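Since the structure is predicted, the reported quantities are computational estimates derived from the model, not experimental observations. When reading the values below, keep in mind they use all heavy atoms of this one structure, side chains included, and skip hydrogens, waters and symmetry mates.
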Amino acid sequence: MSDPVLSVRNLSKSFGGLKAVSDVSFDLAKGELLALIGPNGAGKTTCFNMLNGQLRADAGQVRLNGTSILGLNPRRVWRMGVGRTFQITATYASMTVRENVQMALISHHRKTWDIWRPASGLHVEEAMQLLDLVGMREQAERAAAILAYGDLKRLELAIALAHAPELLLMDEPTAGMAPRERVRLMQLTADIVAERGISVLFTEHDMDVVFSHAHRIMVLNRGELIASGSVDDVRNDARVQEVYLGGGTLFEGQAHG
Amino acid sequence: MSFYFAQFLTGLSSASSLFLVACGLSLIFGVTRVVNFAHGSFYMLGAYVAYALVQFVPGSILGFWGSVLAAALIVALVGVVVEILILKRIYNAPELYQLVATFGVVLLMQDAILLIFGGDDQFGPRAPGLDSVVRVFGEPIPEYDLVLIALGPIVLGALWLLLNRTRWGILVRAATLDREMVASLGVNQSWLFTTVFFLGSFLAGLGGALQLPRVSINLLMDLSIIAEAFVVVVIGGMGSIPGAFIAALLIGELNAFGVLVLPQATIVLAFVVMAVVLVIRPYGLLGKAETLAHVAGQVELPIRPASTLAKSIAGLLLIGLVVMPFLAGEFAIVLATDVLIFALFAASLHFIMSNGGMVSFGHAAYFGLGAYGAAFVIKYAGGSMELALLAAPLMAAAGALIFGWFCVRLSGVYMAMLTLAAAQIVWSTAYQWQDLTGGDDGLLGIWPSEWAKSKTAYYYLALVLCGGGILAMRRMIFSPFGYTLRGGRDNPNRTESIGINLRQHQWAAFIIAGVFAGIAGGVYVFSKGSIFPDEAAIPRSVDALVMVLLGGVQTLSGPVVGAGVFRLLEDEISRLDYWRAILGVIIISIVVIAPEGIAGFIKKIAVKAGFERNEEQAS
């Protein structure tokens, strides 16, 4: 096996007396779709925030292609090739869909200090290609403020792809969407990252999405990794069943059309 | 030693006075989220009403203390009227609108008090039984000061009981933490806000009335106290009453001892302390981060390059401006020069405020710095006008560089307050540093170079500099830098998460806005031939805000339209008696009736009539 894109060792974080994340270690291979699941408050978002530099870890190591990125601020982490989408969509409401993607491209090409050239003409082709990829080309000139929620999620994906990341951190990419749309968005994501060889770490509450797309699953409970492995391994793990007792969908694998 | 103790007691008594005013302000802000500029006016009104009651109510039915209490009650009722008539309509408006509206109330109250009580300074009577001094370690301390010293903690204790031991107090504290939650629990917010305003205004009135035996009463009390009260509230943490108490002690003592060390710089000192506190603790000593920024206003639409119609209008306007001197008289040329200057000043504020989401309540600082920078070159360096006009933006940029570094570390109301503090530092420096600035007498005899001496030539110079500045900023708004700023305003987290150092960009924008405001100030000083500290004072900052608001915050052409209308309007009404009141009413009316401003209003009409694209239909 080749070297992992992301390697996390003994990552820990406490808030006062509460151990939000303790001793989490895992590797993420190139092109892998790794799901991080767990009940509410398990520490998933805390993990994400440490990985992309929003939160300072108490202890541990995080390496991206062998280079330590722990302790870098989010901007630096982004420049190193890590993209992130948010649980609650974060887009520029007063810009058009195209301009939203252009902003990410402008930053990627380090042109934010240009005070003279009109921004609207910059990287249009690239922006439109990205919008094409996520199926938003027709809506390119609409204001982001008036988009439907599912379209905002697609826009976020296009923004996250703008700097050609090696690693995508996706915090509940399908939260708040209709079931049918969830699977479709995740399929789209899976296709794009497969084609581009991007590795993805994502959290998700919808087990249909997780089981049908994740290559591998990790289960976090009270800040600790309690299971990790293939979809079937995790499904049949006794501790995972205990944690999710009552969460019937996990074990019946209901199929949505 | 005894001298320092006496000084300490003096500090305590002024801290008490300050606390009375500041706690009311903090209480009102905590619950309603309105930064109430008119609070200083209530303080001033309290002093005047108490004076009138003591002087003119026959037979001392009320007595001194009765008059003080009655005055506070009357002020509280005035406060309730203001709340019901004006503030109730704008609770959901952005901070800027609220602040400008309350400044309208300030103007209105100034003229109302002038009308009723006259413009002379008044001296109140001593408090009966407290008119002598006691010796503390041999130093004379006025008895009245000792009463005031006791009053501060008493009011703090009473407020604590009220807020912690009554149902009303629990609702107030809950609303301070989370307004929306309290509303959704079925509490009558409207009633709660009115009662809070009653109490807050009562405390302001009380604070003013209690000054009667200490200081002379005049029409400048409102703005001088409000600036200090803002400092106290911000240092203490907005909404925190114990915080206001600690901060009042800090500022009271700072003033008492600062006067011994740096008698010229007491005002500056308070603002410097505030800036330092805010950088260390961005929400004040006991304040908490705002849980949720209330965003209720309409969502902004994407900006577009000017439509053909708008371009034609701008082209016609430009042609009109170029040929104007051939058609109009000298008076009109001077007025048009003024409009150009203020259009650039307003546009520079618009640049950071509308596009960058950084509300500056003290933009006059950079206008003033530019004006003084130019004046210094003429007065002290014997330089030419050309050199002076180069020094103006440099001086303003230097100020913006320093103040901006502090300001971009904060956001929302705290940032606005810090910009205000920065402007007060500039203003008080200009006011107090007599050797350099001439103080209140100003610097005179600053005239243009020979070639620009005629009104017409100077008008063209202003047209080139101001028009060029406005167009340059407009171009920047459409540049990647401008987009970055707008992105930072829309969503700071998103901006940081696509690798942009937002704070650096905001700092740069702050400096750019300072540069253009400085150019406006430089052009201004040569058009008037003189410069006074007023050019950096609060009313000048509010002028800029009103011009932006008048034109429409969300409209790119807004500041130009706003400056034009404002200057022409001001020129008309400033010849009338009580023009402040008229201006106040106009300001309040705009905020309440047409918050989208004139240019925004016209644009709306144009869209309706089909001349301009409508975003919703376009998609």
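Of the listed residues (A/Pro74, A/Ser107, A/Gly53), the greatest number of heavy-atom pairs within a distance under 4.5 Å of chain B belongs to A/Ser107.
When all heavy atoms of B/Arg489 and A/Ser94 are compared, the closest pair comes out as NH2-OG, 3.0 Å. The two residues B/Pro480 and A/Asp114 make their nearest non-hydrogen contact at CD-O, 3.4 Å. Closest non-hydrogen pair, B/Ile498 versus A/Ile159, comes out as CG2-CG2, 3.9 Å.
Remark: B/His505 NE2 to A/Ile115 CD1 distance equals 11.5 Å, nearest 0.5 Å. Atoms CE and CG, from A/Met103 and B/Asn491 in turn, are 11.5 Å apart once rounded to the nearest 0.5 Å. With rounding to the nearest 0.5 Å, the separation of CH2 in A/Trp113 from OG1 in B/Thr484 is 8.5 Å. Separating the OH atom in A/Tyr92 from the CZ atom in B/Arg486 is a distance of 10.5 Å, to the nearest 0.5 Å.
Interface remark: A/Leu122 contributes side-chain atoms only to the contact with chain B (heavy atom separation under 4.5 Å). Proximity to chain B is limited to the side chain of A/Glu99, based on heavy atoms less than 4.5 angstrom apart. For chain A, the nearby part of B/Ile303 is the backbone; its heavy atoms alone come within less than 4.5 Å. Looking at A/Arg79, only its side chain comes within 4.5 Å of chain B, counting heavy atoms on both sides.
A distance-only check finds a donor-acceptor pair linking the side chain of B/Arg475 to the backbone of A/Trp116 [under 3.5 Å].
For A/Lys19, the NZ atom sits in a loose shell: 12 or fewer heavy atoms of surrounding residues, nucleotides or ligands are nearer than 6.0 Å.
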### Task
Test side-chain hydrogen bond (donor to acceptor under 3.5 Å, both in side chains) on A/Ser120 and B/Tyr483 and set out the steps.
CA-CA 9 Å; A/Ser120 59; B/Tyr483 267 74; 5.6 Å; no

### Query
Could you walk me through whether A/Arg75 and B/Asn501 pass the side chain to side chain contact (heavy atoms under 4.5 Å, CB included) check?
CA-CA 7 Å; A/Arg75 297 192 298 272; B/Asn501 187 339; 3.4 Å; yes

